[in-house]
Protein chains: 4
Amino acid sequence: MSSVNKVILVGHLGKDPELRYLEGNISVASFPLATSETFNRDGKRVEQTEWHTVVMWRGLADVAAKYLTKGRLVYIEGRLRTRSYEDREGIRRFATEIVAESFNLLGRRSDFENNANSPVASDKKAQAQAQEQQVDFTENNDEDDGLPF
Amino acid sequence: MSSVNKVILVGHLGKDPELRYLEGNISVASFPLATSETFNRDGKRVEQTEWHTVVMWRGLADVAAKYLTKGRLVYIEGRLRTRSYEDREGIRRFATEIVAESFNLLGRRSDFENNANSPVASDKKAQAQAQEQQVDFTENNDEDDGLPF
Amino acid sequence: MSSVNKVILVGHLGKDPELRYLEGNISVASFPLATSETFNRDGKRVEQTEWHTVVMWRGLADVAAKYLTKGRLVYIEGRLRTRSYEDREGIRRFATEIVAESFNLLGRRSDFENNANSPVASDKKAQAQAQEQQVDFTENNDEDDGLPF
Amino acid sequence: MSSVNKVILVGHLGKDPELRYLEGNISVASFPLATSETFNRDGKRVEQTEWHTVVMWRGLADVAAKYLTKGRLVYIEGRLRTRSYEDREGIRRFATEIVAESFNLLGRRSDFENNANSPVASDKKAQAQAQEQQVDFTENNDEDDGLPF
DNA sequence: TTTT
DNA sequence: TTTT
């Protein structure tokens with residue numbers, strides 16, 4: 001195999017995640033994420049924003065729909081995937097997305113606790129690096145042997 | 001700012017890099033890179049290949065054109081950038097590329113030393129993590145104080 | 001070469017950075033950084049904190065001393081380095097440190113603007129991914145051609 | 001939580017992995033990994049090697065013991081962990097290790113197929129990014145729905 | 001269009 | 001103790 005496809009982003013959500021359900025009741029969440037960098041143009045600082053389409057699947061999508069909201073700062077780890085599709089005029093187009101494998105909420109609690117779909121009691125759990133695996137893991141933790149690794 | 005946009009790829013070049021020159025004699029190299037992953041579908045191992053467009057600028061482009069060839073395994077670090085452009089029919093399209101900031105040749109020398117544009121004498125230099133910065137750095141290393149950091 | 005040594009941390013500073021000067025007036029900053037993860041032990045959520053020693057050199061050290069303070073959340077990219085030294089009893093010891101190559105302040109402005117050594121006017125500059133290279137770069141930007149890459 | 005602790009290494013094994021078993025029959029593999037970088041000192045290219053202690057647990061340890069051998073080039077992703085222990089003279093010491101979460105074999109098959117504990121039939125499986133999760137996953141893949149994500 |  |  002010999003291959004690695006990894007993306008690491010820290011940025012702000014441009015919108016609340018949109019949650020859909022595929023056949024088999026598989027959940028999919030997606031949202032735009034902004035990262036920005038500043039550079040010099042003719043001696044002036046210019047900020048350039050890059051917009052990424054982030055997609056999450058299954059348990060991770062559910063957690064995202066619950067805790068991620070427009071404006072929040074988030075750390076995302078995932079991989080690149082380019083989809084091919086036909087638009088409404090029948091033109092073949094390509095869209096590159098970041099398929100997230102885990103995410104972490106960043107910033108202080110106070111930054112987001114007055115939010116509409118604010119996390120309450122089980123917030124800690126979600127913040128604890130809401131990984132696809134970990135989400136599964138915490139749901140059936142019979143196998144947990146208490147070792148921190 | 002508070003933002004991170006980072007891509008890490010290990011994959012094989014699908015073609016030799018294509019080197020172009022912009023106004024101001026700025027060099028730009030680009031090439032397709034394949035990463036692949038295997039997964040189960042109906043009990044069978046299926047391989048799925050993802051193709052990435054990698055772009056390099058200036059000194060890094062020159063080093064890439066010299067040392068990277070079709071088929072080579074390479075580690076690439078960069079950032080995502082989505083360009084908007086009009087295709088030949090005047091349709092607005094978007095293309096997401098990985099703008100590389102550094103690369104490392106992987107695999108043994110013997111894997112590629114019979115290659116057409118094989119690296120010779122100054123190979124070490126290029127292999128020594130051909131970073132944009134380092135390339136500049138080694139060109140005017142007056143400031144080098146010999147400390148390993 | 002064929003080698004990569006990369007560390008990515010997001011965590012909180014345990015103390016203000018300590019700034020020292022080596023011969024040749026080279027600045028070195030260092031500070032402890034905490035990352036934490038939660039795991040299940042006997043059905044209870046336990047948090048485990050990992051402490052890292054982060055070291056920065058030259059321009060990056062100066063920026064760190066100016067903008068990083070105890071408690072701040074920061075994204076750090078760097079590499080691992082294990083130093084060998086003799087402690088006060090003459091015992092040979094090893095210390096593994098993260099030599100930072102860049103950092104980003106995370107969290108909102110309001111989180112830290114009442115801070116003692118608060119950033120003021122040139123804050124943007126520091127927040128704009130305070131990379132060793134970029135710090136040098138913004139100091140002599142004659143070569144800047146205004147292109148965002 | 002708001003925390004990330006990630007290490008990415010590409011380097012060569014200094015020794016074959018050493019496999020031990022803890023109580024509960026939990027397997028642990030560990031080995032030294034070398035990364036190296038070159039820099040200028042007084043106009044000469046100097047290579048400096050950094051040695052890392054890599055530790056793997058459970059299924060990942062078993063896969064490592066089977067496929068990783070001295071000299072092999074490998075991509076490793078994991079996290080930093082500093083252990084405290086007493087050496088034989090009763091002196092408290094600290095050791096920082098990389099607890100691997102996944103690894104990928106790099107380089108061509110021919111580089112290692114004459115090796116002593118050479119992978120044979122099930123090689124593909126191991127090479128397919130031998131992640132802790134994936135290893136578990138491929139062992140009980142009843143839940144696999146054939147979607148590539 | 002790469003590689004195993 | 002690896003590799004180029």
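What you see is a predicted model, and the numbers here were worked out from it, not measured in a lab. Values below: every heavy atom of this structure, side chains too, minus hydrogens, waters and symmetry copies.
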Between [X] ([atom1]) and [N] ([atom2]), how many Å, whole number?
X        : N     : atom1 : atom2 : answer
D:His52  : F:dT3 : NE2   : C1'   : 13 Å
B:Leu68  : E:dT1 : CG    : P     : 20 Å
D:His12  : F:dT2 : NE2   : P     : 11 Å
B:Ile98  : E:dT2 : CD1   : C1'   : 15 Å
C:Asn5   : F:dT3 : CG    : C1'   : 15 Å
B:Glu50  : E:dT4 : CD    : P     : 20 Å
D:Glu47  : F:dT4 : CD    : P     : 11 Å
D:Leu106 : E:dT3 : CG    : C1'   : 12 Å

Table please: side-chain donor-acceptor pairs of residues 25-34 of chain B below 3.5 Å, with sequence neighbours left out.
from: B:Ser27; atom 1: OG; to: B:Arg58; atom 2: O; distance (Å): 3.3
from: B:Ser27; atom 1: OG; to: B:Asp62; atom 2: OD1; distance (Å): 2.8
from: B:Ser27; atom 1: OG; to: B:Asp62; atom 2: OD2; distance (Å): 3.4

(message) Can you see whether B:Ser84 engages B:Arg93 through a side-chain donor-acceptor pair at a distance of less than 3.5 angstrom?
(response) no

(message) The criterion is side chain to side chain contact (heavy atoms under 4.5 Å, CB included); which residues satisfy it with A:Glu97, sequence neighbours excluded?
(response)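 Once residues adjacent in sequence are excluded, the partners of A:Glu97 under the side chain to side chain contact (heavy atoms under 4.5 Å, CB included) criterion are A:Thr53, A:Val55, A:Arg83.
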
(request) State the OG1-CG distance between C:Thr35 and D:Leu80, to the nearest 0.5 angstrom. (result) 8.0 Å

(message) At less than 3.5 Å, do the side-chain atoms of D:Thr49 and the base atoms of F:dT2 form a donor-acceptor pair?
(response)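 Present.
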
(request) From the options E:dT2, F:dT1, E:dT1, select the nucleotide whose nearest atom is closest to the side chain of D:Trp51. (result)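 The nucleotide sitting nearest to the side chain is F:dT1.
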
